[in-house]
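These notes concern the structure reproduced below.
Quick note on labels: first sequence line is chain A, next is B, and so on, each numbered from 1.
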Amino acid sequence: MDVEDIEIQLFVQAMRLRHGHDFSEYAPASLKRRVQQLVRTHESGTVVRLVDRILHEEGFLPRVIEGLSVPVSEMFRDPAVFRSLRDKVLPVLASYPEINIWQAGCAHGQEVYSLAILLEEAGLYERSRIYATDFNDAALAVAAEGIYATREARVWSRNYIEAGGSHSFSDYYSARYDFIKLDQRLRRNVTFLNHNLVTDEVFCEAHLILCRNVLIYFSNALQDRTLGLFRDSLVRGGFLCLGTRENIDFSPAASCFTHIDGALRIYQLGGSGAKALKK
Amino acid sequence: MTARAAIAIGCSAGGLVALERLLPGLDPRLPVPIVVCCHTGSPDVGLLVELLGRHSVLPVKEAHEREAADPGTVHVAPSGYHLLVESNFHFSLSVDAKVAYARPSIDVLFETAAAAWRERLVAVLMTGANSDGAQGLKAVRDTGGYAIVQDPSTAEADVMPRAGLDIAGADACLPLDAIAAALNRLCMS
């Protein structure tokens, strides 16, 4: 066995036994790359020296978690997805007196604000509550602040238009030097929470769950567990939106969901195409 | 001689034309998977897959996560995602930060393919206007894999093959039109 692969196993053991964070069901290739990146960031030379700090150094854990969660996203990423949510999903959600949305793995919050804008423009935001969760506290803090680099806003503005936005994207932020700050009114119905998809359980009854490009990092078994968690969290007829390249064909739990927009990975719990019913 | 188990190809600027010339020359009985990372700048790799499919003697499809790298199939990395090869020769994807300004990154494909197939991998680095792939090619050679670099003088953009030669060197530096025959030889024997 490769020495570095042995080291990665020691890393996974240390994180689980010392801190209760279980990465054993993460897709190995990208986990290994992230750990290698951590070694470079902290100039520890080897993974084992990193493990030493994980075991012994007070306060080091959050920096490791930050390096392992690598939040990369953009507002209205894959605009066609947000257009489909606007056109096909929100009209259904409009029939509920209260709308609960769970954004799982919200990272730096770009999609939370995208969602809030979508709901605002559909006139649904007042009766909506968005639970935005991540296992990385540092990312949650960034998400709550809603401050991003100005250069990103140009791409996001284009995405917003392609997603069918009915205003001007610049209505939603104030720009200062190299940064934009999103209108804090957008987060008035957002609750940010620490939740770990690997170990935590159902915590709300949701009408829509967004979890985009999180499952790609999970093994088949962990993906199946997570889809089961989503199934148990959704109301009957609730919606699930995944990343556009996520493949749930190998998951038994996926059989409860029907394609609403297959290419865009938008699903509905139950429905005519579903093989199994909830629970 | 080592039996080769997989081919990984990386290219960027000029890559479409180069692949359109390379793929028709492959032997239709080639018993190994071919994995391609080509920077396109387009948000959807579907067009590239379609164009390559018209020229290739082997089926061309987008690489899907959790699926196996199939022998005799050309798998193309999707736009906007890194394509990785797991140790069980299945694909996975990531949206981690860009590497060498690119996602998909050739370095990521080559490094993970090298870790999976080790000395049984053949990697090909072709035309491109940046240095993505050079570090990956080094990983391929470090694990005993076979590295082919397109002769920079035959490349539409020579930065990428030159960077590959500078950083990793190569087991063969070939003009574009000789690469397919070399791959057939390496993987059919």
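No donor-acceptor pair closer than 3.5 Å links the side chain of Tyr217(A) to the backbone N or O of Leu93(B). Here the side chain of Glu65(B) pairs a donor or acceptor atom with the backbone of Asn247(A) at under 3.5 angstrom.
When all heavy atoms of Thr112(B) and Ala29(A) are compared, the closest pair comes out as CG2-CB, 4.1 Å. The shortest heavy-atom contact between Ser30(A) and Glu86(B) is N-OE2, 4.5 Å.
Neither the backbone nor the side chain of Asp5(A) comes within contact range of chain B; no heavy atoms are under 4.5 Å apart. Contacts between Ser219(A) and chain B at a heavy-atom distance below 4.5 Å involve the backbone alone (N, CA, C, O). In this structure, the portions of Val108(B) lying under 4.5 Å from any heavy atom of chain A include both its backbone and its side chain. Only the side chain of Ala115(B) comes within contact range of chain A, with heavy atoms under 4.5 Å apart.
Here the straight-line distance linking atom OG of Ser92(B) with atom CD1 of Ile216(A) works out to 8.5 Å at 0.5 Å rounding. The structure places CG of Leu84(B) at 11.5 Å from CG of Leu31(A), a figure rounded to the nearest 0.5 Å.
Taking the side chain as every heavy atom from C-beta outward, His64(B) and Arg245(A) never approach each other to under 4.5 Å. Side-chain contact check for Asn220(A) versus His90(B): every heavy-atom pair is 4.5 Å or farther apart. In this structure, the side chains of Gln223(A) and Arg66(B) come closer than 4.5 Å at one or more pairs of heavy atoms.
Salt bridge Asp96(B)/Arg33(A): absent, no basic N to carboxylate O contact under 4.0 Å.
Counting heavy-atom pairs under 4.5 Å between each of Glu4(A), Lys32(A), Gln37(A), Arg34(A) and chain B puts Arg34(A) at the top.
Relative to the six-membered ring of Tyr81(B), Arg77(A) meets both conditions, a distance below 6.0 Å and an angle of at most 45° to the axis.
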